[in-house]
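Taking it in order: structure first as structure tokens, then the write-up.
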Amino acid sequence: MSANAAREQEFLEYVQSGGQVESTDWLPADYRQKLIKFIEMHANSELMGVLPEREWILKAPTLQRKLALTAKVQDEVGHAQLIYRVAEDLGKPRDEMFADLLSGKAKFHNVFHYPTKTWGDVGVIAWLVDAAAIISQKALLKCSYAPYARIMKKICWEESFHILHGRDVVLAMMTGTPEQQELVQEAVNRWWGPLMQFHGNPIAREEDPMYLWRIKSQGNEEARQQFLEGYVPQIWELGLTVPDSNLGRGDDGVWVYSEPDWAELKSVVTGHGPRSQERLDFRRRFLEQEKWVRDSLVAA
Amino acid sequence: MIFEVFRQEKKGQAFAHAGSIEAPDAAFADAWAREQYGRRGESAALWLVPRDAVHQVNDWADEFDLKYRRVDGYSIKGRLKEARERASSTAPVDR
Ligand SMILES: [Fe+2]
Ligand SMILES: [Fe+2]
């Protein structure tokens, strides 16, 4: 074994036994590369993820909702800033990350490629999309890369407000008129497919390179099971239905469900979702339009 | 400029590293850190430290390491290479 391979093996054993590393530590090239890819996609998702909600700030039904939604959008952009910073420290400049996002080389989560049709979608996004996301993010609190794990503490703390805000929006509508209840049901129907795809294909965690390096601390299917266990009962208790007749909790506590549409997931995250290009165009426009602000700050 | 952010949650508690921000100077760092780490009143105080000002100590000599008594206590490979390169790049000595 070469000296480098031995060192890499030692590193692998260290992180697999729960060890954490800092930006100033020696990192294997493969680890650094996987870490940047993962963190970059997370940052991109926070940045792109505000666009579906932003559209509704001006259309929010009350001032209180408008303010809460604005606060959530500010949080998410703040998350993007924090996470990009961590990726920059690993060696990828922010300009390059923006360029890769706009060119489609880097990805963002599937759920942010879809339209936000009604206020019902806004509630369902904040409640269920954020719930699915917090499950992944909580698992990052134990990430082997400590600077990432540390900022996740703040992020998870803010996410818990997002979920409650979403649940409150949904509850207000579910205790309202039949039309309002219908809006929520339609939103659940629209979002269920993307939500079930969100945590990715059920690859065994031992075969997942992100788990191997302990960037993630759980497998995709574990995350999805946790989502189903936590949230399906909450959906059902409101009298809402889930558009999957195979969905149910087995006697062994394991949820069964219809196979998510993996082809759709792949096509959506590679930029072929219903709103992918429109949202990237929006980002492109604003990055260009506000370039003078960034330039003058650097010159300050 | 990169500033490391240390956050104190309650008065009297230790400051803990919370993340970093990039800002052109301390005034901007102040504004952004307030926004990022203080807008919900979640911090009693913040320390913003230019990254270059942090002097890190993380290499600890182990005085009780007894390997010097064994062959595996000496790894000369790297230094030997360095010494040879140094010798060959300086002017030859008359012998
Ligand atoms: Fe977020
Ligand atoms: Fe969120």
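Protein chains get the first letters and strands the later ones, always in sequence-line order, with residue 1 at the start of each.
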Can you tell me if [X] has over 12 outside heavy atoms packed within less than 6.0 Å of its [atom1]?
{"X": "A/W26", "atom1": "CH2", "result": "yes"}
{"X": "A/Q289", "atom1": "CD", "result": "yes"}
{"X": "B/I76", "atom1": "CD1", "result": "no"}
{"X": "A/K153", "atom1": "NZ", "result": "no"}
{"X": "A/K66", "atom1": "NZ", "result": "yes"}

Heavy-atom contact with chain B under 4.5 Å, split by part of [X]:
{"X": "A/E22", "value": "neither"}
{"X": "A/Y148", "value": "neither"}
{"X": "A/D75", "value": "both"}

Sequence neighbours excluded, the answer for ring pair (Phe, Tyr, Trp, His ring centres under 6.0 Å) partners of A/F112 is none
How close do A/L297 and B/P24 get, heavy atom to heavy atom, and via which atoms?
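Residues A/L297 and B/P24, closest heavy atoms: O-CB, 3.1 Å.
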How close do B/R51 and A/R85 get, counting heavy atoms only, and between which atoms?
NH2-NH1, 3.9 Å
Select, from A/I151, A/V86, A/D89, the one with the greatest count of heavy-atom pairs under 4.5 Å involving chain B.
A/D89
For A/E8, what residues pass the side chain to side chain donor-acceptor pair (under 3.5 Å) criterion, not counting sequence neighbours?
none
Can you list every pair that meets side chain to side chain donor-acceptor pair (under 3.5 Å) and has a residue in residues 72-86 of chain B, with sequence neighbours left out?
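Of all non-adjacent pairs touching residues 72-86 of chain B, those that pass side chain to side chain donor-acceptor pair (under 3.5 Å) are B/R70-B/D72.
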Need one label for B/I2: side chain, backbone, both or neither, based on atoms under 4.5 Å from any heavy atom in chain A.
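Side chain only.
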Contact listing (chain A partner; residues 32-44 of chain B; heavy atom under 4.5 Å):
B/W32, B/E35, B/Q36, B/Y37, B/R39, B/R40, B/E42
